[in-house]
**Q** 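Take a look at this one; I'll ask things after.
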Amino acid sequence: MEQPEIRMGDKLHEGKAKVLFATDDPGLLIQYFKDDATAFNGKKKGTIEDKGVCNNSISSNIFRMLEGRGVKTHFVRRLSEREMVVTKVEIILVEVVIRNIVAGSLAKRMGAPTGQKLSEPIIELYYKDDDLGDPMINRCHVRAFSLANDAEMDHIEKEALRINELLVEFFSDIGLTLVDYKLEFGRGPEGILLADEISPDGCRLWDTNSGEILDKDRFRQDLGNLTGTYQEVSRRVSSTVKQT
Ligand code: TMP
Ligand code: ASP
């Protein structure tokens, strides 16, 4: 189908891995994926060649898959190698982390072995504030600081669990174990939308057969083969879904 033209406007926001631009349509933005990589709340910085291209492709395909299964997302369409058109939303300042297997900060917090399977997914909430290092919060903080109302949070947590079921199965089909990941939601014109991106930057993905780490932990831990890793995940994700 012929896509309507869209013109890029002013830069609205530059984050650590992406840039948001206005467009000539007030309801739409362009999300541009950079090669910049950061970790440990921005303390470690680098670039991963081709990461932006891979993450745009991975996120586009995953958003499209989720939309096909009834999840409302900000994704409209992939525009170019590094750009996607998204619905303009007001980002809710609560980062939602979903964990299926013990790793990262959960291993430290609970003194549990990395790799231990959880009997049920854990949802954690973090306050999206880089200056504060995204501290962990709970529903009381969300209410007391008016980050979101109860109905919004009920919806977000329910949606997060549904998204988790879909993503675990999706990644499993391409030989990847979805260990944990971070989601962001926004208020759109017709309700709450899944926003941001879903890519190896914000997910832990392990090769199901070999256990090899195939996500940003390779950058965090200086494990090498960074571009190759993002390209491998991108290749596997696009092997299962219809391309645009
Ligand atoms: P953690 O184990 O460091 O708490 O991270 C859990 C998951 O959330 C992991 O897949 C990485 C992701 N994440 C982000 O995408 N951004 C962040 O700022 C943090 C802290 C975690
Ligand atoms: N995304 C955060 C940062 O860039 C934390 C992380 O991924 O380790 O600093």
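Count residues from 1 along the sequence. For ligands, and for the atoms within them, numbers begin at 1 and follow the listed sequence. Atoms considered below: every heavy atom in the structure, side chains included; atoms not considered: hydrogens, waters and symmetry mates.
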**Q** Judging by distance only, is a nitrogen or oxygen of Asp201 under 3.5 angstrom from one on ligand 2?
**A** no
**Q** Write out the residue and atom name of the closest protein heavy atom to atom 4 (O) of ligand 2, then the distance separating them to 0.1 Å.
**A** Thr38 OG1, 2.2 Å
**Q** Can you check whether Glu49's main-chain N or O pairs, donor with acceptor, with Thr47's side chain at less than 3.5 Å?
**A** no
**Q** Just so I know, are the side chains of Leu176 and Arg236 near enough to count as touching, which here means a heavy-atom distance under 4.5 Å?
**A**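 The answer is yes, as the side chains (C-beta and beyond) meet within the 4.5 Å cut-off.
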**Q** Does this structure show an ion pair linking Arg109 with Glu124, if we count only N-O contacts that are shorter than 4.0 Å?
**A**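 Yes.
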**Q** Identify, by atom number and element, the atoms of ligand 2 in contact range of Phe40, meaning under 4.0 Å from any of its heavy atoms.
**A**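 It comes down to these atoms of ligand 2: 5 (C), 6 (C), 8 (O), 9 (O).
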**Q** Quick test: of every protein heavy atom, which one is nearest to atom 5 (C) of ligand 2, and how far off is it to 0.1 Å?
**A**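 Residue, atom and distance for the closest contact: Asn41 N, 3.8 Å.
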**Q** Taking 4.0 angstrom as the limit and counting only heavy atoms of Gly42, give me the atoms of ligand 2 inside it, by number and element.
**A** 3 (C), 4 (O), 9 (O)
**Q** Are the side chains of Glu212 and Trp206 in contact, using a 4.5 Å heavy-atom criterion?
**A**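 Sidechains of Glu212 and Trp206: no contact.
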**Q** Which protein non-hydrogen atom lies closest to atom 2 (C) of ligand 2, naming both residue and atom, and how far is it?
**A** Lys16 NZ, 3.7 Å
**Q** Check ligand 1 for close polar pairs with the protein: N or O on both sides, less than 3.5 Å.
**A**
from     : atom 1 : to     : atom 2 : distance (Å)
ligand 1 : 2 (O)  : Arg99  : NH1    : 3.3
ligand 1 : 2 (O)  : Arg99  : NH2    : 3.4
ligand 1 : 2 (O)  : Ser105 : N      : 2.8
ligand 1 : 2 (O)  : Ser105 : OG     : 3.4
ligand 1 : 2 (O)  : Arg204 : NH1    : 2.9
ligand 1 : 4 (O)  : Arg99  : NH2    : 2.8
ligand 1 : 4 (O)  : Ser105 : OG     : 2.5
ligand 1 : 10 (O) : Asp180 : O      : 3.2
ligand 1 : 10 (O) : Asp180 : OD1    : 2.6
ligand 1 : 10 (O) : Arg204 : N      : 3.4
ligand 1 : 18 (O) : Asp134 : OD2    : 3.4

**Q** Is the closest basic N to carboxylate O distance between Glu165 and Arg162 below 4.0 Å?
**A**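 Salt bridge between Glu165 and Arg162, a charged N being under 4.0 Å from a carboxylate O: no.
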**Q** Select one of side chain, backbone, both or neither to describe which atoms of Arg220 lie under 4.0 Å from any atom of ligand 2, heavy atoms only.
**A**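 Side chain only; the backbone of Arg220 stays clear of ligand 2.
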**Q** Where the side chain of Lys51 meets the backbone of Asp36, is there a donor-acceptor pair that is under 3.5 Å apart?
**A** yes
**Q** Please state which part of Lys216 comes within less than 4.0 Å of ligand 2, counting heavy atoms only: side chain, backbone, both or neither.
**A**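 Under 4.0 Å from ligand 2, Lys216 contributes side-chain atoms alone.
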**Q** I'd like to know if Lys88 pairs up with Asp25 as an ion pair, taking the criterion as any Lys NZ or Arg NE/NH1/NH2 lying under 4.0 Å from an Asp or Glu carboxylate oxygen.
**A**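 Not counted as a salt bridge, because no side-chain N and carboxylate O are separated by less than 4.0 Å.
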**Q** Under 4.5 Å between side-chain heavy atoms, counting indirect links through other Ile/Leu/Val/Met/Phe/Trp/Tyr residues: same cluster for Met65 and Val237 or not?
**A**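 In one cluster with Met65: Val237, yes.
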**Q** Look at the side-chain heavy atoms of Ile, Leu, Val, Met, Phe, Trp and Tyr, link any pair under 4.5 Å apart, and say whether Tyr32 and Leu20 land in one connected group.
**A** no
**Q** Determine, stepwise, if the pair Ser59 / Arg64 fulfils side chain to side chain donor-acceptor pair (under 3.5 Å).
**A** CA-CA 8 Å; Ser59 283; Arg64 204 176 298 118; over 6 Å; no
